[in-house]
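Contents: one structure, followed by commentary.
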Number of protein chains: 2
Amino acid sequence: MSDSEEAAQPPAARPTGPRSTTARPGKRERLIRSATEIAHSHGVQGTTLALVAKAADVPLGNVYYYFKTRDDLLRAVVDEHARRVDDLLASLDRRSTPRSRLKGLARNWAEAADLVAAHGCPIGGLSADLGKLDGGLRACAARLLRTLIDWAAGQLTELGVPDAPAEAVSLLARVQGAALLTNAFDDPKLLTEEITRIERAIDQLADAAQAAP
Amino acid sequence: MSDSEEAAQPPAARPTGPRSTTARPGKRERLIRSATEIAHSHGVQGTTLALVAKAADVPLGNVYYYFKTRDDLLRAVVDEHARRVDDLLASLDRRSTPRSRLKGLARNWAEAADLVAAHGCPIGGLSADLGKLDGGLRACAARLLRTLIDWAAGQLTELGVPDAPAEAVSLLARVQGAALLTNAFDDPKLLTEEITRIERAIDQLADAAQAAP
DNA sequence: GTCTATACCCAGATAGAC
DNA sequence: GTCTATCTGGGTATAGAC
């Protein structure tokens with residue numbers, strides 16, 4: 001490296017695996033994935049570097065080559081979720097109608113009912129956990145929920161639903177609350193049934209908007 | 001004490017303050033109250049004995065005279081919430097109609113909007129936090145939510161609402177989800193507006209049941 | 001770049017004087 | 001009953017050999 005201001009600069013978020021097609025992802029990526037999983041199952045405060053390093057099969061001391069501090073790793077976890085949300089919304093955007101897109105979003109939680117029953121909603125749980133921290137991480141997770149609400153509000157607007165932003169908040173609230181109860185009672189069926197009801201509510205909103213334009 | 005099997009037996013949950021009318025509550029009670037507050041603001045994992053002892057103005061070592069382990073103290077926190085829930089529901093039961101009782105329950109969250117924005121719903125947060133623990137505490141918090149749902153289902157049944165249990169779950173889910181978003185965005189208004197919408201939903205359920213008995 | 005060993009701190013819990 | 005001092009374990013973070 002001729003252009004040197006830092007002797008050893010971490011890879012800094014390469015697109016995907018840096019190696020050949022079949023090799024497992026690089027260490028940085030493995031660490032992020034493990035941390036994301038453990039933050040979901042054990043909560044943010046239970047996400048210790050020892051657990052993450054072990055799950056990623058990376059020696060503990062080596063973690064600090066990729067992340068200066070534990071908070072940096074947690075920030076990367078939020079970014080990872082942001083990527084996943086963007087991917088999901090992009091795939092939903094390919095559907096033909098706003099109604100189908102909104103239902104697809106709701107269905108997405110129902111499909112993960114078992115995971116949600118076991119550990120809660122990854123995004124909702126992360127938000128709640130980060131909200132109880134002291135540092136700059138506090139506000140960092142609300143952006144995931146914000147993205148989802150804004151997207152839903154856009155779909156509702158396209159449907160001609162009046163008061164779309166408030167309806168979007170209600171929709172997300174119903175999903176998040178259902179996820180919380182599902183986790184509390186460890187009962188996937190609660191989530192699938194509640195999502196069905198939410199899909200009905202989406203239909204009613206769409207039908208009402210179509211009837212009175 | 002003539003009836004001695006234990007040399008020093010902790011007070012074991014006396015009804016209220018053991019002293020004269022104006023003295024502050026006993027140490028055990030102060031510890032429970034401080035722990036309840038800190039569990040709300042810092043989360044269960046952030047509820048350290050040092051913090052609790054300091055807030056209750058009790059020396060750290062003395063905590064163990066009242067609670068054998070930290071888990072015991074956390075169990076006492078859940079019990080404290082259970083008491084508060086029972087009190088709330090008992091006071092609501094004095095209202096004349098199920099509709100008014102249900103709205104009163106919803107209003108209860110709206111009145112605490114600032115606290116919810118700052119730290120989330122005490123019960124929902126506790127449930128989520130305990131769900132991520134290993135030990136026997138895991139299932140212990142779901143009972144608070146269970147109590148609320150069962151009570152709401154009873155009120156809806158009395159109203160003649162069909163599928164009352166599922167409607168009760170939906171109602172609680174909406175409240176809990178609204179609380180989660182309110183906390184994530186640190187915005188009390190979000191909760192008050194969402195509760196208003198939930199009250200409207202209660203009216204609609206009641207009106208519909210009355211129209212078609 | 002990678003990994004071992006370890007410093008350092010703060011948590012829960014205990015001992016024992018008072 | 002009350003409180004100080006302390007033990008022990010596990011957490012983040014660093015030093016430094018390779």
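The sequence lines fix the lettering, A, B, ..., with proteins before strands; numbering per chain opens at 1. Predicted, not measured: the structure shown is a model, and the values here were computed from it. Computed over heavy atoms, backbone and side chain alike; hydrogens, waters and symmetry mates excluded.
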Determine all donor-acceptor pairs shorter than 3.5 Å in which one atom belongs to a side chain in residues 190-202 of chain B; sequence neighbours excluded.
{"from": "B/T192", "atom 1": "OG1", "to": "B/K189", "atom 2": "O", "distance (Å)": "2.9"}
{"from": "B/E194", "atom 1": "OE1", "to": "A/S170", "atom 2": "OG", "distance (Å)": "3.0"}
{"from": "B/E194", "atom 1": "OE2", "to": "A/S170", "atom 2": "OG", "distance (Å)": "2.7"}
{"from": "B/T196", "atom 1": "OG1", "to": "B/T192", "atom 2": "O", "distance (Å)": "2.9"}
{"from": "B/R197", "atom 1": "NE", "to": "A/S170", "atom 2": "OG", "distance (Å)": "2.9"}
{"from": "B/R197", "atom 1": "NH2", "to": "A/E167", "atom 2": "OE1", "distance (Å)": "2.8"}
{"from": "B/R197", "atom 1": "NH2", "to": "A/E167", "atom 2": "OE2", "distance (Å)": "2.8"}
{"from": "B/E199", "atom 1": "OE1", "to": "B/R107", "atom 2": "NE", "distance (Å)": "3.4"}
{"from": "B/E199", "atom 1": "OE1", "to": "B/R107", "atom 2": "NH2", "distance (Å)": "2.9"}
{"from": "B/E199", "atom 1": "OE2", "to": "B/R107", "atom 2": "NE", "distance (Å)": "3.4"}

Checklist line | Residues B/E80, B/R84; criterion salt bridge (Lys or Arg N to Asp or Glu O under 4.0 Å); working and verdict | finding: CA-CA 6 Å; B/E80 168 73 13; B/R84 293 183 189 182; 2.9 Å; yes
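- Partners of A/H42 according to the ring-ring contact (aromatic ring centres under 6.0 Å, His included) rule, which considers only residues two or more places apart in sequence or in another chain, do not exist here.
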Notebook entry, point to check: What string of B, S and - do you get for nucleotides 11-16 of chain D 5' to 3' if you count protein non-hydrogen atoms under 4.0 Å?
Noted result: SSBB--
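- A ring pair (Phe, Tyr, Trp, His ring centres under 6.0 Å) check over residues 105-149 of chain A, counting only residues at least two apart or in different chains, returns the pairs A/H40-A/H119.
- We find that CG of B/L133 is positioned 17 Å from P of C/dA11, with the value rounded to whole Å.
- In this structure, B/D72 atom CG and C/dG12 atom P are separated by 14 Å, rounded to whole Å.
- Within 6.0 Å of CD in A/Q45 there are more than 12 heavy atoms belonging to other residues, nucleotides or ligands.
- Straight-line distance from the CG atom of B/L73 to the P atom of C/dA13: 10 Å, rounded to whole Å.
- The stretch residues 31-42 of chain A has no heavy atom under 4.0 angstrom from DNA chain D at all.
- Protein atom NZ of B/K27 is 8 Å distant from nucleotide atom C1' of D/dG1, rounded to whole Å.
- Taking atom CD of residue B/Q45 and atom P of nucleotide C/dC10, one finds them 18 Å apart after rounding to whole Å.
- Residues A/D114 and A/P188 come closest through the heavy atom pair OD1-CG, 3.2 Å.
- Of the listed nucleotides (D/dG1, C/dT4, D/dC3), D/dG1 has the atom at the smallest distance from the side chain of B/Y65.
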Would you mind writing out the side-chain donor-acceptor pairs for residues 148-155 of chain B within the sub-3.5 Å range, not counting sequence neighbours?
{"from": "B/D150", "atom 1": "OD1", "to": "B/R146", "atom 2": "NE", "distance (Å)": "3.4"}
{"from": "B/W151", "atom 1": "NE1", "to": "B/D93", "atom 2": "OD1", "distance (Å)": "3.1"}
{"from": "B/Q155", "atom 1": "OE1", "to": "B/R101", "atom 2": "NH1", "distance (Å)": "2.8"}

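- Of the residues listed (A/T36, A/L49, A/V63), the one engaging A/L31 in a side chain to side chain contact (heavy atoms under 4.5 Å, CB included) is A/V63, and it is the only one.
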